[in-house]
Amino acid sequence: MRLILLTVLALLPLIGFGQQLSSGTPFQNYRFIWNPAMTAPNEHWETGLSFRQEWLGFEGAPQTATIHGQYPFLRENMSLGGFFMYDDVGPIRFSTLAVTYAYKFEPRFIRGDQLSIGVMAMMNQFFVDGLDVKVKDEDDALLLVNESSQFKPNA
């Protein structure tokens with residue numbers, strides 16, 4: 001009986017199903033944010049918004065908000081999209097405004113296949129509140145002691 005119990009306990013981790021589904025990310029459905037060639041790959045337009053707050057109940061908990069839209073121009077074999085994303089992680093805030101474009105080819109190897117090339121232009125704003133940063137060594141020469149904000153274009 002003891003051998004059977006030890007065998008079951010030894011094999012339990014192999015058959016357990018705990019925490020196999022990840023919490024996911026709001027960007028799983030918005031593939032064009034990471035790859036502009038995926039802007040409106042289907043024949044329908046799409047809009048949406050999402051909000052995610054982690055560590056609910058904690059002051060300064062990370063928050064992410066996104067609004068997006070994408071539209072296919074079927075006759076022209078192209079699509080346009082855009083999004084605005086705001087990410088707030090305590091003393092660091094990050095905002096992005098972007099526009100995407102994709103041109104679609106139909107190679108006709110397999111029915112319904114598609115090859116796309118895409119470009120994205122974006123403007124990023126980084127904001128760091130140095131007064132809100134908690135540090136161990138306050139005499140660190142690299143420590144930011146005030147607010148800093150920068151705009152950075154990207155394509």
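With rounding to the nearest 0.5 angstrom, the CG atom of L49 is 9.0 Å from the NE2 atom of H68.
Through direct or relayed side-chain contacts under 4.5 Å between Ile, Leu, Val, Met, Phe, Trp and Tyr, L6 connects to no other residue. The hydrophobic cluster containing V89, built from Ile/Leu/Val/Met/Phe/Trp/Tyr side-chain heavy atoms closer than 4.5 Å, comprises no other residue.
In this view, L115 and F105, P107 satisfy the side chain to side chain contact (heavy atoms under 4.5 Å, CB included) rule, not counting sequence neighbours. Partners of Y86 under the ring-ring contact (aromatic ring centres under 6.0 Å, His included) rule, at least two apart in sequence or in another chain, do not exist in this structure. F126 pairs by the ring-ring contact (aromatic ring centres under 6.0 Å, His included) definition with F94, not counting sequence neighbours. Taking the side chain to side chain contact (heavy atoms under 4.5 Å, CB included) definition, one finds that T7 meets it with L3, L11, sequence neighbours left out. Partners of E76 according to the side chain to side chain contact (heavy atoms under 4.5 Å, CB included) rule, which considers only residues two or more places apart in sequence or in another chain, are F73, M78.
Hydrophobic clustering of Ile, Leu, Val, Met, Phe, Trp and Tyr side chains at less than 4.5 Å, counting indirect connections, keeps M38 apart from I67. By the rule that hydrophobic residues join a cluster once side-chain heavy atoms approach within less than 4.5 Å of another member, L80 and I117 end up as members of one cluster.
Looking at heavy atoms from C-beta onward, M120 lies out of side-chain contact with V99 at the 4.5 angstrom threshold. In this structure, K152 and M122 have side chains that are not in contact, with every pair of non-hydrogen atoms separated by 4.5 Å or more. In this structure, the side chains of I92 and F127 stay at 4.5 Å or more apart for every pair of heavy atoms.
Sequence neighbours left out, the pairs with a member in residues 87-102 that pass side chain to side chain donor-acceptor pair (under 3.5 Å) are T39-T100, T64-D87, T96-N124. Every pair passing salt bridge (Lys or Arg N to Asp or Glu O under 4.0 Å) that includes a residue from residues 54-74 is listed here, sequence neighbours excluded: R52-E54.
In terms of heavy-atom proximity, H44 sits nearest to P72 at O-CD, 3.5 Å. Taking each heavy atom of R31 and P41 in turn, the nearest pair found is NH2-CG, 3.8 Å. Of all the heavy atoms in P36 and A102, the pair that sits closest is O-CB, 3.6 Å. The shortest heavy-atom contact between A40 and Q70 is N-OE1, 2.6 Å.
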### Task
Would you sort out whether L97 and F84 count as a side chain to side chain contact (heavy atoms under 4.5 Å, CB included), showing the intermediate values?
CA-CA 5 Å; L97 179 63; F84 175 76; 4.2 Å; yes

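Aromatic ring orientation, F32 versus F83: perpendicular (interplanar angle above 60°, classes split at 30° and 60°).
S149 and Q125 share a side-chain donor-acceptor pair at under 3.5 Å.
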